[in-house]
4 protein chains.
Amino acid sequence: MQSRTPHARAGRPRSAAADAAILAATRAALVELGWSKLTLGDVAGRAGVAKTTLYRRWAGKNELVVDAVAELFDELRLPDRGSLAADIEGVVLQFAAILARPEARSGLMAVVAESTRDEALRERIRTSIVDRQKRLVLQGRARAQARGELPREDDAETAARTADLIFDVVAGAVVHRTLVSAEPADEEWVRRFTQVLLQGLGAVSG
Amino acid sequence: MQSRTPHARAGRPRSAAADAAILAATRAALVELGWSKLTLGDVAGRAGVAKTTLYRRWAGKNELVVDAVAELFDELRLPDRGSLAADIEGVVLQFAAILARPEARSGLMAVVAESTRDEALRERIRTSIVDRQKRLVLQGRARAQARGELPREDDAETAARTADLIFDVVAGAVVHRTLVSAEPADEEWVRRFTQVLLQGLGAVSG
Amino acid sequence: MQSRTPHARAGRPRSAAADAAILAATRAALVELGWSKLTLGDVAGRAGVAKTTLYRRWAGKNELVVDAVAELFDELRLPDRGSLAADIEGVVLQFAAILARPEARSGLMAVVAESTRDEALRERIRTSIVDRQKRLVLQGRARAQARGELPREDDAETAARTADLIFDVVAGAVVHRTLVSAEPADEEWVRRFTQVLLQGLGAVSG
Amino acid sequence: MQSRTPHARAGRPRSAAADAAILAATRAALVELGWSKLTLGDVAGRAGVAKTTLYRRWAGKNELVVDAVAELFDELRLPDRGSLAADIEGVVLQFAAILARPEARSGLMAVVAESTRDEALRERIRTSIVDRQKRLVLQGRARAQARGELPREDDAETAARTADLIFDVVAGAVVHRTLVSAEPADEEWVRRFTQVLLQGLGAVSG
DNA sequence: GCCTAATCGAGACGGTACGTCTTGTCTTAAT
DNA sequence: ATTAAGACAAGACGTACCGTCTCGATTAGGC
């Protein structure tokens with residue numbers, strides 16, 4: 001029996017360290033320069049890497065920034081604070097904290113803007129960021145159901161659509177507050193947002 | 001007595017037609033090329049205008065696109081459909097329809113991304129787009145209060161903060177659904193979103 | 001009666017100073033770096049000019065160097081030293097002196113090498129360098145005929161072919177001596193070469 | 001018994017076939033691409049050899065091309081046509097035929113151009129090409145002397161200098177005619193050139 | 001009916017980044 | 001030790017756009 005791996009690709013293997021250095025350099029450049037003044041030549045320089053090495057791995061600025069930003073969101077965790085409201089407030093505050101960081105602020109919206117004309121980029125954002133963080137909604141719901149705060153669904157498809165809706169409402173509200181309205185999503189705001197989310201509009205207007 | 005123009009500057013006056021032509025050309029270029037491939041030279045060419053003329057009126061690409069996109073949202077109207085839920089559904093569908101147009105999709109998020117590092121641009125977006133459309137929330141609440149669907153507020157400041165919150169939730173959810181999740185905000189989705197907004201999360205999960 | 005020139009091309013006119021600065025910078029770069037390490041970016045930098053300005057006027061490195069080198073040969077003059085042999089020696093020594101300069105040495109042969117695969121470049125070399133210096137052969141012959149050292153031709157076409165032949169022999173020998181054999185074309189060599197040219201091979205072998 | 005390799009170096013021996021394949025590939029690339037667009041990566045690919053192998057044997061493009069071109073001139077032979085004039089015409093026509101081949105045209109002048117700034121390369125050209133072909137001049141003179149067409153020299157040093165001069169005149173004239181003037185060195189031209197060389201300028205002008 | 005002055009179109013200008021290409025070195029596994 | 005394969009750092013390529021500038025040619029109002 002021959003070697004298991006087809007034939008272990010010939011030639012010098014790609015440096016694993018380079019990938020990490022490039023993504024870190026990308027975030028550093030986003031902090032210092034912002035999206036529009038970030039250049040791939042500059043990123044390569046910061047990472048101590050040639051431009052070719054960078055282009056061998058990523059198709060362009062968009063793809064690179066998606067990957068660099070996606071890592072930021074992986075640190076989100078759903079805390080167990082004893083109630084659905086408290087859990088939501090906890091995770092929303094974490095999300096707001098990430099969106100307060102300059103490397104996330106300009107990078108995230110810029111790639112979303114580009115993705116409106118680039119199907120592959122849209123898919124990459126969905127895979128690397130959106131779908132990956134939907135786990136928080138699912139975990140939160142499951143925990144609330146275990147506590148008896150929310151009923152269990154009968155229909156799996158409806159359940160999935162509802163999770164998507166909740167994700168759009170939560171993520172959209174925080175992003176809009178932070179980047180468009182350009183106001184901080186502080187504890188007070190998060191408390192009021194969570195109240196609307198759980199009890200509806202009437203609850204805060206009264 | 002109002003201000004009179006200081007002394008009606010001498011020399012050839014600026015062409016009024018040029019402004020409209022430039023904004024229209026900008027939207028056309030956004031449709032064809034998207035934000036990142038749109039160049040001011042190209043816009044000038046489409047508008048039949050010299051680059052100098054364009055730079056005399058706008059500081060750069062960002063400012064130009066903000067003005068070009070802002071006009072799109074001025075056509076939003078709050079319909080009177082007899083109930084708060086129906087009114088919300090109506091205006092959200094209009095908003096979703098605008099966000100389905102390519103000149104709005106890439107232009108809007110791009111200038112928001114740029115605004116994270118440019119205070120003046122952020123202010124321009126707030127003035128030209130955000131604050132201008134908050135009227136819809138205020139109108140909707142007033143009408144709902146007149147109908148007795150919502151209570152009247154005692155505290156003006158709390159009322160203002162609530163209006164901001166509602167605006168962030170509504171606009172944020174639609175933008176996220178449309179541009180990030182990249183799914184259509186169709187009637188079914190709008191109906192379910194409105195239900196959550198008015199009655200809270202429990203209403204759709206049951 | 002309207003203006004004579006069709007309409008005096010619109011727009012900012014090209015800077016005349018830039019042309020001279022670029023050609024001078026090209027020669028300076030040839031001296032310092034030689035042909036193969038000369039870069040257009042470097043030339044632009046030396047000339048205090050943007051790369052675009054350079055590319056607007058010349059198609060590439062080849063064309064630029066042809067023009068820069070061609071100017072060097074325009075300083076050649078046929079001296080009147082009283083005899084054909086002395087006149088030839090005089091002009092050949094001038095030619096050798098130019099070929100001793102580093103900006104001519106590497107530039108000239110390099111563009112000739114490139115011209116073997118580029119018809120337009122070949123034509124440019126012929127026009128700017130070769131044909132322009134053939135005047136020296138014609139002047140020299142005319143003067144020798146006036147002195148009675150050479151007979152007058154009957155046939156104009158034969159006369160032209162002979163001038164071409166002489167030019168190839170003289171220029172070729174000096175270039176080969178200087179660049180290929182890489183020995184100096186000093187007074188001694190020039191004297192012996194002129195002897196062969198005028199009297200034939202037997203004259204020096206004896 | 002000839003020299004034996006000192007101690008038959010350990011490890012895998014160098015492939016002898018590779019050298020020939022590389023030189024042939026170099027000439028093929030010169031024909032197709034010319035000097036300036038010839039790359040070592042391309043040559044390696046054509047020869048079915050890794051770039052490493054190529055760099056282990058030659059220092060760079062210049063050295064490789066010198067060797068590839070040098071082989072072309074080794075096929076030159078001095079024909080015995082019965083008279084000095086006929087012998088010269090014969091060998092000059094052979095030389096012209098080689099210079100008509102594209103691999104020689106661009107390769108030869110390019111390495112000469114490079115050699116103006118590279119002493120080692122100049123020496124390599126002298127050794128591999130120039131000195132090697134001077135044998136033709138020496139043979140031709142010896143044969144002419146045997147025939148009584150040329151006198152025998154008394155001074156060996158003068159004889160050597162004259163041989164160099166003749167070589168520069170012959171090679172220089174043919175190269176200049178072929179590459180700079182870009183006209184064919186055909187039989188008619190060679191006949192007239194030989195006449196000048198043997199009898200001097202007066203012979204053709206009359 | 002001039003005069004004056006800001007506007008207009010055109011396009012050249014100095015810069016800067018692009019994404020690709022080549023160079024010469026290096027790191028693998030295989031021979 | 002040499003090989004094929006291919007990744008690597010470095011840096012030039014020729015193009016595109018930016019925002020500014022310099023032109024000559026309009027085009028109004030004020031005189």
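A note on names: the letters A, B, ... follow the listed sequences, proteins ahead of strands, and every chain is numbered from 1. Reckoned from all heavy atoms, side chains included, excluding hydrogens, waters and symmetry mates.
Interatomic distance, B:Leu108 CG to B:Leu72 CG, rounded to the nearest 0.5 Å: 9.5 Å. Rounded to the nearest 0.5 Å, atoms CD (A:Glu114) and CG (A:Asp118) are 8.0 Å apart. Note that CH2 of B:Trp35 and OG1 of A:Thr116 are 11.5 Å apart. Values are rounded to the nearest 0.5 Å. With rounding to the nearest 0.5 angstrom, the NZ atom of B:Lys61 is 12.5 Å from the CG atom of B:Leu54. Atoms OG1 and CZ, from A:Thr26 and A:Arg46 in turn, are 9.5 Å apart once rounded to the nearest 0.5 Å. Taking CG of B:Asp67 as the reference point, atom CD1 of B:Ile125 lies at 10.5 Å (rounded to 0.5 Å).
Less than 4.0 Å separates DNA chain E from no heavy atom of any residue of residues 107-122 of chain D. Near-neighbour residues of DNA chain E inside residues 25-34 of chain A, defined by a heavy atom below 4.0 Å, are absent.
Across every non-hydrogen atom of C:Met109 and C:Leu179, the tightest pair is CG-CD1, 3.3 Å. Here the shortest heavy-atom pairing between B:Leu38 and B:Ala29 reads CD1-CB, 3.8 Å. For the pair A:Trp58 and A:Ile22, the tightest heavy-atom approach, listed with the atom from each and the gap, is CZ3-CG2, 3.7 Å. Of all heavy-atom pairs spanning B:Gly34 and B:Ser106, the tightest one is CA-OG, 3.9 Å.
Note on B:Glu71 versus B:Arg27: salt bridge recorded, some NZ/NE/NH1/NH2 to OD/OE distance being below 4.0 Å.
In this structure, C:Asn62 atom CG and F:dC13 atom P are separated by 12 Å, rounded to whole Å. Between the CG atom of A:Leu64 and the P atom of E:dG19 there is a distance of 11 Å, given to the nearest Å. Residue D:Leu54 contributes atom CG, which lies 14 Å from atom C1' of E:dT25 at whole-angstrom precision. In this structure, B:Ile22 places its CD1 atom 13 Å from P of E:dT7, rounding to the nearest Å. If you measure from atom CG of B:Asp42 to atom C1' of F:dC18, you get 14 Å, rounded to the nearest angstrom. Going from atom CH2 of D:Trp35 over to atom C1' of E:dT22 covers 13 Å, rounded to whole Å. Whole-Å rounding puts the A:Tyr55 OH to E:dC18 C1' distance at 6 Å.
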- Item | Heavy-atom protein contacts under 4.0 Å, nucleotides 10-17 of chain E, coded B base, S sugar-phosphate only, - none | BBBBBB-B
